[in-house]
Amino acid sequence: GVLVFLILNFRLSLPKDKGEVSRQGLATPVRVVRDTWGIPHIFAATDMDLFYAVGYLHAQERMWQMELLRRAAFGRLSEIFGEATLKRDKFLRNLGLKEAMLKDYQNLNGDLKDALSAYSRGVNAWLMSRKLNWPPEFVLLRFRPEPWGMLDSLAIKQVMALILCTDYASEIVRARLVEKVGLERALGILERDIGRVSPDEVSHLALARLLFISGPAGSNNWVVSGSRSESGRPLLANDPHLEITLPPIWYELHLNSPGFNVVGVTFPGVPLVVIGHNAAIAWGVTNSGADVQDLYTEKLNQEGDAYLEPEGWKPLRRTQELIRVRGKRDPVSMEIQWTSRGPILSEEVRVKEVPFSLRWTIQDGGRIFEAIYLLNKAQDWSEFCQALGLWDTPSQNFVYADIKGNIGYYLSGKIPVRKKSAALFPSPGWEAENQWQGFLEEGEKPNILNPAAGYIITANHKIVPEDFPHYVSCDFEPGFRAKRIEELILSLSHHSVDSFRRIQNDVVSKRAELFLPYIRSLQPTDEKARRAQVLLSNWNGEMKAGPEAALFSAFMDILHQEIFEDELGEEFQDFRRLFKRKDAGLFRLLIDSESAWFENTKTSENEGRDDVFSLSLRKAYEWLEEKQGSPDKWDWTRLHAITFFHALGEVRLFRFFNRGPYPVDGDAFSIRASFGHDIDGNFITTHGASYRQIIDLGNFRNSICVLSSGQSGHFLSRHYDDQIPIWLQGKYRPMLFYQDDIEANASTILVLKPTPVKE
């Protein structure tokens with residue numbers, strides 16, 4: 001009986017996508033045309049009715065996802081998951097995200113508040129229409145979501161900023177490396193851009209290992225001018241690399257009203273397009289890697305109620321948090337102490353009695369919703385820059401193109417001006433020289449309009465010139481993807497949507513090209529090392545199905561371990577996770593064949609680079625034999641497979657929410673990126689191109705895109721996973737924009753009507 005009830009309930013909770021529904025709060029009817037892939041094209045007579053409809057549709061198909069995002073931002077996961085998420089909630093509350101949201105709210109003008117209010121009314125109209133037919137996740141976890149409010153929409157920014165900003169984690173790892181091996185040796189494997197640092201500039205303190213370190217995200221975007229395209233107009237491509245989940249992080253939408261005509265992807269919870277195009281301009285984003293977080297050691301007085309500032313003692317500001325935990329009668333209480341720099345982080349992320357605070361641009365509040373609002377409406381480069389001048393956190397690389405033929409680049413976000421060493425390592429908060437001195441002016445940023453080369457590329461590599469006078473970051477990747485994109489752009493005189501499609505799906509690894517000459521020059525004495533060398537010697541560096549890519553990946557994994565683990569010990573995993581994809585570590589040691597880092601401190605031998613390379617080849621060969629048998633059975637795409645996980649899919653009983661595993665090619669260093677968490681011997685893919693788009697500014701009808709899985713968040717919907725096959729195959733679908741094309745490809749039509757007023 002329970003099973004029958006659940007099946008009937010799940011089917012009844014499928015989103016209604018055709019016919020008519022009457023809802024309170026609308027002024028005029030709104031027409032929602034879903035195309036063959038379930039993408040809604042919304043036609044509204046007023047902007048407020050448009051935002052209302054977006055809220056209704058987001059809730060209808062992604063309410064579970066929205067609920068998780070806002071609970072994460074507010075540190076309220078334990079209310080539904082119990083003690084399993086209590087530490088995470090404490091960590092999130094400690095960051096002061098709610099205070100940041102309140103500051104963002106204070107920056108909203110009347111029009112923006114009206115837009116968010118209309119959106120919230122749409123979400124809540126859907127919530128109020130539910131009876132027993134709630135989405136499966138709410139039924140299984142036996143709870144109902146609270147009404148949606150404006151702060152909930154502003155909370156989405158906080159979650160994305162937390163995912164994309166890992167600067168404080170890098171500071172902790174750098175500081176622990178200095179403690180472990182000394183400053184000079186640590187500088188030899190940290191980022192090349194650090195330069196020389198005095199021992200006096202590094203705080204010697206005992207920092208605990210982080211609760212939550214995620215591997216860096218990434219993305220590609222590039223744009224070419226009409227001089228390099230077949231149509232004579234710009235082409236723009238973007239594929240943001242984020243965690244691949246079910247449902248996907250993005251929800252695709254087309255907004256049509258008197259003030260908007262824009263198509264692309266949105267974050268469920270926010271009623272605007274984040275990546276896409278309108279009738280005049282197109283844009284794409286990648287994470288800039290700008291350093292926007294700093295850790296400060298704090299000196300407290302004996303009573304523990306004041307902290308030292310450059311000008312003297314100041315009282316700590318204290319706030320109290322109550323965390324309700326499912327299954328517990330009484331809430332858990334925690335106190336947060338604040339300095340002028342930010343919150344003092346709790347004992348979960350420090351040891352001994354050394355307090356340290358987190359300074360983060362998010363804590364100053366911002367106007368990011370206004371930035372996206374103006375971005376959706378922008379008609380030219382000037383309006384585009386005006387919009388992005390309001391963008392605060394997370395800092396992003398934007399590439400731009402317009403129908404008049406212009407292309408450009410804009411570095412968005414607040415970037416602090418401060419002493420470089422204070423940005424790279426935890427520094428004393430009571431010293432005046434370590435304080436932030438404001439932010440880079442928008443005019444000081446290295447923005448570009450119509451470069452002579454006719455193209456612009458960003459792929460998480462260093463985006464500032466060598467002679468740039470301000471510190472921006474050291475958290476850049478080596479530039480392998482950017483170099484490969486540039487190679488492929490320059491390989492053709494004129495590009496098309498089809499050539500861009502091939503570039504987005506290219507799996508050649510420039511990292512492999514860097515290491516293969518060293519592998520070929522070896523003279524290994526071990527038989528299995530020689531076999532591995534022969535196998536790789538004729539390989540072209542493509543990370544695709546077959547034994548070579550599997551062998552090379554295992555070799556690189558073991559090589560990192562052989563070089564660093566003996567000396568770094570428990571610091572090795574965090575170092576590898578955060579620094580493996582930077583211009584640091586192994587990339588800095590290659591040219592020095594006799595570097596002391598190649599010596600294994602656990603043996604009496606004096607190993608050099610070639611010795612460690614040969615040993616790693618042998619171990620990689622043996623590891624693959626154990627995992628996949630003989631070399632003819634080795635396959636990178638199976639080793640590197642992806643499972644599309646739902647938030648509840650880790651529970652065996654709820655695995656029906658998941659899809660996969662599926663074989664997948666590429667790696668973190670190829671344009672078609674796919675990567676995981678850099679755990680020993682685990683090459684499973686967890687991150688990749690969450691969305692791919694290619695936009696033709698000469699004719700929007702040629703534009704194409706694809707989501708990683710599907711538009712719907714309901715596991716019984718035909719649009720829950722219908723894009724997985726084409727995403728895996730590197731294929732695309734049309735990005736419909738013109739009304740006649742939309743009508744010709746209409747699958748369902750839903751009309752939202754105002755509820756008649758009773759006389």
Side-chain angles (χ1 to χ4, degrees), residues 189 509-569 572-573 575-577 579-581 585-641 665 667-669 675-676 678-684:
I189 59 171
S509 170
K510 299 294 289 183
R511 181 180 70 155
E513 287 186 10
L514 175 65
F515 280 86
L516 282 173
Y518 293 96
I519 294 172
R520 291 170 181 145
S521 68
L522 296 174
Q523 296 181 341
T525 57
D526 180 84
E527 177 62 25
K528 289 186 177 179
R530 283 199 300 269
R531 291 180 194 172
Q533 182 188 38
V534 170
L535 195 58
L536 292 176
S537 290
N538 298 318
W539 178 47
N540 63 3
E542 287 188 295
M543 302 300 296
K544 61 182 183 180
E548 296 90 351
L551 177 59
F552 177 74
S553 296
F555 161 74
M556 290 299 301
D557 195 53
I558 292 169
L559 183 62
H560 271 92
Q561 195 168 353
E562 290 294 323
I563 293 172
F564 297 115
E565 189 176 36
D566 60 316
E567 291 188 65
L568 298 187
F572 170 67
Q573 291 292 2
F575 171 73
R576 179 169 65 172
R577 193 168 298 178
F579 287 80
K580 185 178 180 180
R581 286 171 53 189
L586 182 53
F587 298 125
R588 296 197 58 191
L589 301 179
L590 271 181
I591 59 173
D592 183 5
S593 62
E594 300 303 321
S595 169
W597 281 101
F598 292 121
E599 294 182 24
N600 190 329
T601 59
K602 297 179 180 179
T603 69
S604 58
E605 298 178 19
N606 186 20
E607 297 95 347
R609 182 187 62 205
D610 291 0
D611 300 312
V612 181
F613 271 49
S614 296
L615 175 64
S616 299
L617 279 177
R618 175 178 67 79
K619 288 190 173 184
Y621 194 97
E622 292 173 342
W623 185 85
L624 278 169
E625 280 185 317
E626 181 182 340
K627 291 290 182 182
Q628 294 190 329
S630 58
D632 60 303
K633 297 177 182 177
W634 297 353
D635 181 12
W636 170 241
T637 62
R638 285 193 294 112
L639 195 66
H640 193 52
D665 52 13
D667 71 352
F669 302 94
F675 50 96
D678 282 332
I679 301 169
D680 281 338
N682 181 356
F683 297 101
I684 296 297

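Source: prediction; values computed, not measured.
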What's the separation between atom CG in D667 and atom CZ in F675, rounded to the nearest 0.5 Å? 10.0 Å

When rounded to the nearest 0.5 angstrom, what distance separates CZ in F515 from CZ in F587? 5.5 Å

Show every side-chain hydrogen bond (donor to acceptor under 3.5 Å, both in side chains) that has at least one partner inside residues 511-521, sequence neighbours left out. K510-E513

Closest heavy-atom pair, Q628 versus R638, reported as atoms and distance to 0.1 Å, is NE2-NH1, 3.7 Å

Could you work out, with salt bridge (Lys or Arg N to Asp or Glu O under 4.0 Å) as the rule, every residue matching D665, not counting sequence neighbours? R672

Would you mind checking if R609 and D592 are paired as a salt bridge, meaning a charged N to carboxylate O distance below 4.0 Å? no

Tightest non-hydrogen contact, residues E594 and G608, listed as OE1-CA, 4.3 Å

Across all chains, not counting sequence neighbours, the side-chain contact (heavy atoms from CB on, under 4.5 Å) partners of T525 are none

Please enumerate all residues that pass side-chain contact (heavy atoms from CB on, under 4.5 Å) together with E527, with sequence neighbours excluded. R530, R531

Which heavy atom of P631 sits nearest to which heavy atom of Y621, and what is that distance? CG-OH, 3.3 Å

With sequence neighbours excluded, residues passing side chain to side chain donor-acceptor pair (under 3.5 Å) with T637: D635

For the backbone of P524 and the side chain of Q533, can you confirm whether one donor and one acceptor N or O come within less than 3.5 Å of each other? no

Rounded at 0.5 Å granularity, tell me how far CD1 in I684 sits from CG in L639. 7.0 Å

Pairing residues for D632 by the side chain to side chain donor-acceptor pair (under 3.5 Å) criterion, not counting sequence neighbours: S630

Report, as yes or no, whether the 6.0 Å neighbourhood of atom NZ on K580 holds more than 12 heavy atoms from other residues, nucleotides or ligands. yes

List the atom of L514, the atom of P517, and the distance in Å for their closest heavy-atom pair. O-CD, 3.5 Å

Quick one: salt bridge (Lys or Arg N to Asp or Glu O under 4.0 Å) partners of K627, sequence neighbours excluded? none

Provide the closest heavy-atom pair for E567 versus A596 in the form atom of the first, atom of the second, distance. OE2-O, 4.0 Å

What residues form a side-chain contact (heavy atoms from CB on, under 4.5 Å) with L536, not counting sequence neighbours? L516, I519, W539, E548, L551, F552, L617

Backbone N or O of Q561 within a donor-acceptor pair of the R576 side chain at under 3.5 Å? no

Under the ring-ring contact (aromatic ring centres under 6.0 Å, His included) test, residues paired with F564 that sit two or more places apart: F575, W597

For E562, side-chain contact (heavy atoms from CB on, under 4.5 Å) partners two or more places apart: I558, N600, V612, L615, S616, K619

What do you reckon, are the aromatic ring centroids of F613 and F555 less than 6.0 Å apart? yes

Value rounded to 0.5 Å, distance of OG in S614 from CD in E607: 11.5 Å

Those residues at least two apart in sequence (or on a different chain) that pass salt bridge (Lys or Arg N to Asp or Glu O under 4.0 Å) with R618 are E622

Who are the ring-ring contact (aromatic ring centres under 6.0 Å, His included) partners of W636, not counting sequence neighbours? H640, F683

